[in-house]
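One structure is given below, encoded as structure tokens.
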2 protein chains.
Amino acid sequence: MADYYKDEAKHYVAVDCIIFGFDGNRLKLLLIKRNFEPGKGQWSLMGGFLKENEGLDNAAQRILEQLTGLQDIFLEQLLTYGEVDRDPAARVLSVAYYALINTSNFDEFKAKNYKGSWFELTEMPELIFDHAEMVDKARKRLRRKAKNQPIGFELLPQKFTLPQLMKLYEAIYDQKFDKRNFRKKLLSYNILKMLDEKDKKGSRKGAFLYQFDADKYEKMILNGFSFEL
Amino acid sequence: MADYYKDEAKHYVAVDCIIFGFDGNRLKLLLIKRNFEPGKGQWSLMGGFLKENEGLDNAAQRILEQLTGLQDIFLEQLLTYGEVDRDPAARVLSVAYYALINTSNFDEFKAKNYKGSWFELTEMPELIFDHAEMVDKARKRLRRKAKNQPIGFELLPQKFTLPQLMKLYEAIYDQKFDKRNFRKKLLSYNILKMLDEKDKKGSRKGAFLYQFDADKYEKMILNGFSFEL
DNA sequence: CCAAAAGTGTTCAGCTTACACCCATGA
DNA sequence: TCATGGGTGTAAGCTGAACACTTTTGG
């Protein structure tokens, strides 16, 4: 095949992942200690270069899997960063993705290979390049998204309690909610299934466990419903 | 400087622009007839390749200016399309941007160089590659954005009437609004300045002209206000 | 004088918010 | 028995939606 574009410039393209996790209390971010130049030894988002015959979404999945061992994770493209000087070593475009994982089933062993560790958003170290900007953008996206879709559930274990869910939303929005109003609202969507079990880790009384009911949610959006917090 | 990345792949990166315009009645899209292979003679978004030492946003501005002669236009990155086979001629990433222009001061002469012409969204021709997908995404973004920021004003001339503004919103959302409610709501934001002039093009009675008051809007968002339609 | 678009208020329903006490349990 | 977090209902204010008639003026 003729290369119609052969006179055009070619560019390095990286994919960087903003990985959010929730430990039951606070919203956290998975960062790695960079083990190559430039910026070796500094904190950074997990990333990698886009390969010759690899789709962007695939690259993001690959990179996420390398670090966490997880597949089939919520992953969404955020924005592409293309300032000429953003990487001091060379002109590199970076396509940012953000991911939501629940920390319970994540592979600590893999993460150790990259010196990955979790940080509270309030206690983030300094990041290389424009990564802090990416994180900020991702937080905003997460807030917006969580208003329109129940993506918060990606961050929780399969069974969770309403106090846990509320803590998650409080962490995402960095504000307190009234528990009566919160329960009323969430239950009114009819996308939660209450189970017979209680989780007693949080209190002596124990809190009922719930499951997210994806079927009901599908039906709900098919009927033109819009999830709003 | 050492090229730490020299073993990594490099890629062609294009920038494609979804250009919305409003002619006072309907929301339109500016498309060009492609004059190079592949896809020569087919309808397409205006685009171009990212140059060696050019930032992404700059590239988008350059491309927009080439076609419309306009500078300082609302322009926002949408998403990057990176499927391996999206362009049949070569592996090309495309960073999509969308722009809002008011058609009154746009340079038809320049547009003719590219065989550019306006299409109603309902009468769009078939587009090359994944451009239709980009347009669809841009429409959704425009709707969302117009709810939270008064970007609609980018699409209007500096002075406009409330009926015009309402028509614009009706075009963006593809639905009718009640004019009493619409006026009440928009005026309640206090970001419009009524002028002493009337525009008589639309009716014998004439409609008062308004101007968008950017100062008041800045103050409004500083005070934590959220613009909602 | 009439056609055509501009302009104008009120009511009702539903949603959001604020708010305080009892319950169950393990230690 | 008590400390701790879990669970529950109601009232007030606000916002969004529905709805119809009068005004202006060029032809």
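A note on names: the letters A, B, ... follow the listed sequences, proteins ahead of strands, and every chain is numbered from 1.
- Between the P atom of dT16(C) and the CG atom of Leu186(A) lies a distance of 12 Å, rounded to the nearest Å.
- Remark: Phe153(B) pairs with Phe160(B), Phe212(B) by the ring pair (Phe, Tyr, Trp, His ring centres under 6.0 Å) rule, at least two apart or across chains.
- Following rounding to the nearest Å, Arg204(A) (CZ) and dT1(D) (P) show an atom-to-atom distance of 16 Å.
- Tyr98(B) and Gln77(B) form no side-chain donor-acceptor contact under 3.5 Å, judged by distance and modelled atom types alone.
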I'd like a table of atom pairs between the protein and nucleotides 8-12 of chain D - only N or O on both sides, under 3.5 Å - with the distance next to each one.
from	atom 1	to	atom 2	distance (Å)
dT10(D)	O4	Lys184(A)	NZ	2.8

Item checked: Intermediate values then yes/no, side-chain contact (heavy atoms from CB on, under 4.5 Å), Leu187(B) and Tyr210(B) -> CA-CA 10 Å; Leu187(B) 292 174; Tyr210(B) 287 79; 3.9 Å; yes
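- The base of dA24(C) has none of its N or O atoms less than 3.5 Å from a complementary donor or acceptor on the side chain of Lys205(A).
- Between Phe227(A) and Tyr189(A), the ring planes lie tilted relative to each other; the angle falls in the 30° to 60° range.
- Taking atom NZ of residue Lys176(B) and atom C1' of nucleotide dA5(C), one finds them 13 Å apart after rounding to whole Å.
- We find that NZ of Lys201(A) is positioned 15 Å from P of dG5(D), with the value rounded to whole Å.
- Checking side-chain atoms of Thr80(B) against main-chain N and O of Thr80(A) turns up no donor-acceptor pair under 3.5 Å.
- Nearest to the side-chain atoms of Lys185(A) among the listed nucleotides dT16(C), dG26(D), dG6(D) stands dT16(C).
- Between Lys198(B) atom NZ and dA6(C) atom C1' the separation is 7 Å, expressed in whole Å.
- No close placement of the Trp118(A) and Phe20(A) rings is indicated, their centers lying 6.0 Å or farther apart.
- Nucleotide dG7(D) holds its C1' atom 11 Å from the CE atom of Met194(A), rounded to whole Å.
- In this pair, Tyr173(B) and Tyr169(B) present their aromatic rings parallel. The plane angle is below 30°, not in the 30 to 60° band.
- As a whole-Å value, the separation of Phe182(A) CZ from dC19(C) C1' is 18 Å.
- For Leu165(B) and dA6(C), the CG to P distance is 13 Å, given to the nearest whole Å.
- Counting only heavy atoms from C-beta on, Ala207(A) has its side chain closest to dG6(D) among dA6(C), dT16(C), dG6(D).
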